[in-house]
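We count residues from 1, following the sequence as given. For the numbers below, each heavy atom of this structure counts, side chains included, while hydrogens, waters and symmetry mates do not.
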Amino acid sequence: MRDRKILNNKIYLYLTEFFAGMSVMAVELGASRLLAPYFSSSQIVWTIIIGTIMIAMALGNIYGGRTADRDPNPDRLYGRIVIAAVWIALIPVLGKYIIVGISALMIFAVDTNFLIWAAFAACMVIFVFPLFLLGTVTPSLVKYTVDRLEDSGKTVGMLGASNTVGSIIGTFLPTFVTIPSVGTSVTFLIFAGILLALSLIYFISSHIKSVRAGVGVLVLVISCFFGSGDHFAFWEDGLVYEGESVYNYLQVKEEEEQISLSTNVMFGIQSVYRKDGGLTGTFTDYALAAPLMAGYEENKDMDVLMLGVGAGTYATQCRQYFGDIRVEGVEIDEKITRLASSFFHMPQDVPVTNYDGRAFLNVTDKKYDVIFVDAYQDITIPFQMSSVEFFELVSGHLTENGVMVVNLNMWEQKEGDINAHLMDTISQVFDNVYTADVPATTNLELFASHAGGIQERFEGSLGSIKDPELQNLMRKIARSLKTYEAGGHIMTDDKAPVELLGMGVIDDLIRQEVSYYRNLYEQKGLRGLAEELGIQ
């Protein structure tokens, strides 16, 4: 092996370990944000990401160790770092297309656990190879840094410490700095550039002309030009905003009659604002029954709390139809609150606390006439807001005739699904539980109270409604309201498997949606499917 003077500088070798560790964690966090708009950021998806990355690192450690013993040439190590940098730089350019392509194939190939298998396949294809290459760094550097056995422990310890410190910084930097400020795509490009710069220093200082490094620089420049955007939903028209926050992927879409907010590319709309000021046709319309159930006719001086504000549709509607009541909200994502003001015309005098809903209830003593629970994390319910303990907390913040209204998404009348668990859990806390289906949606509205006579107060308050469209809807709800008969599916802080239960419902919904195309594919093959989709 030719002499490489830079290898005599152990600080540079420690820096190599430092930046490799930093980049691994940055890519892992970037992976979660790249996958989240398509598959959510649930504990299940995080498990897939961590598991596949650990597989890649373990295989990289094994390969790197064997390669270092067989051919301890540092040119190969820094060449592998260049390849890893190139691959990471291409993720913003190609990653979203790979995810959509894999999802399209998996829909026809998988009958159950679609999101799990699709997320796993996407993670394996996109992230395993570059992290496998970065996994070769540590065993290779051990070969170059250990001069004698007497201080081998100290040297290996320093390498491990460098990697760990880099990993710590690589954990905090993307989460709190780069992803919120410049986005996921640019975050990948930043760390690809760091790895590439690290390798360039090695090759230039060693007077080695590396075609691989030159190609890496070219690819990085091209990726900066084509991959610096955040357009996850590249097929969508009418997007007036697309971006990211610490908590969510955010998408605002404007159509002729309405504006909508979504925190997931593939599933669902979280908030809708009608430009004509009318009812939205969504679950928030049905939640307007809650103030009437709480006795709006006798008590127009009401306090309403929203746990999960979204784009503020419910606050806007409460002010429109019940002008005298006070409305406040709790929304963990500050950027969503800003979007509510910018695009959805949420009243400026509605106070919103940017905080976790359960944590907010823990620190306030105020009681409310209506508490609207609509807290979702992507496509799943936060587990801490689905348990007996949480609903007991809500119960303690309701007035004597207070009503809790809960938006249950992914509604499917199936024994033991996530909605059955939620409704049974709520029934464990509240004496009176009623439900109302929201037609043409996958939503169900649940109303719960300790006070009796909900239906009587509801029907008695209908005369106070001046808007004929809302009055017709409320009368329809009054006729369709059902008393819920509880089962035994109870969730607690100790056991609330909301991600698995939610994934099960989504699987069923996907299966129903694609059954027609799957049958068409089985009967007529790819050509028939392409003709049906208008692909020539």
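In this structure, the side chain of Asp424 engages the main chain of Gly487 through a donor-acceptor pair within 3.5 Å. Remark: side-chain polar atoms of Ser461 are paired, donor with acceptor, to backbone N or O of Arg457 under 3.5 angstrom. At least one donor-acceptor pair under 3.5 Å links the side chain of Thr52 to the backbone N or O of Ile48.
Side chain to side chain, Asp356 and Gln384 meet the donor-acceptor criterion of an N or O pair below 3.5 Å.
Here Asp431 pairs with His450 under the side-chain contact (heavy atoms from CB on, under 4.5 Å) rule; sequence neighbours left out.
Cation-pi geometry between Lys482 and Tyr484 is not met: the NZ or CZ atom fails to fall both under 6.0 Å from the ring centre and inside 45° of the normal.
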If you look only at distance, which donor and acceptor atoms sit under 3.5 Å apart when one is on a side chain in residues 281-294 and the other is two or more places apart or in another chain?
residue, atom, partner, partner atom, Å
Thr282, OG1, Thr280, OG1, 2.6
Thr282, OG1, Thr284, OG1, 3.3
Thr284, OG1, Thr280, OG1, 3.4
Thr284, OG1, Gln317, OE1, 3.0
Asp285, OD1, Thr280, N, 3.1
Asp285, OD1, Thr280, OG1, 3.1
Asp285, OD1, Gln317, NE2, 2.7
Asp285, OD2, Thr280, N, 3.0
Asp285, OD2, Gly281, N, 2.5

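In this structure, Tyr241 and Phe343 have tilted ring planes: the angle between them lies in the 30° to 60° band. The aromatic rings of Phe344 and Tyr273 lie perpendicular to each other, with more than 60° between the two planes, well past the 30° mark. Using cut-offs of 30° and 60° for the angle between ring planes, the Phe172 and Phe176 rings count as parallel.
A salt bridge links Arg358 with Asp493: the closest approach of a Lys/Arg side-chain nitrogen to an acidic carboxylate oxygen falls below 4.0 angstrom.
Interatomic distance, Tyr434 OH to Phe458 CZ, rounded to the nearest 0.5 Å: 12.0 Å.
Taking the side chain as every heavy atom from C-beta outward, Phe322 and Lys300 never approach each other to under 4.5 Å.
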The test is salt bridge (Lys or Arg N to Asp or Glu O under 4.0 Å); show your working for Arg479 and Glu459 and say whether it passes. CA-CA 10 Å; Arg479 292 191 299 269; Glu459 293 172 0; over 6 Å; no

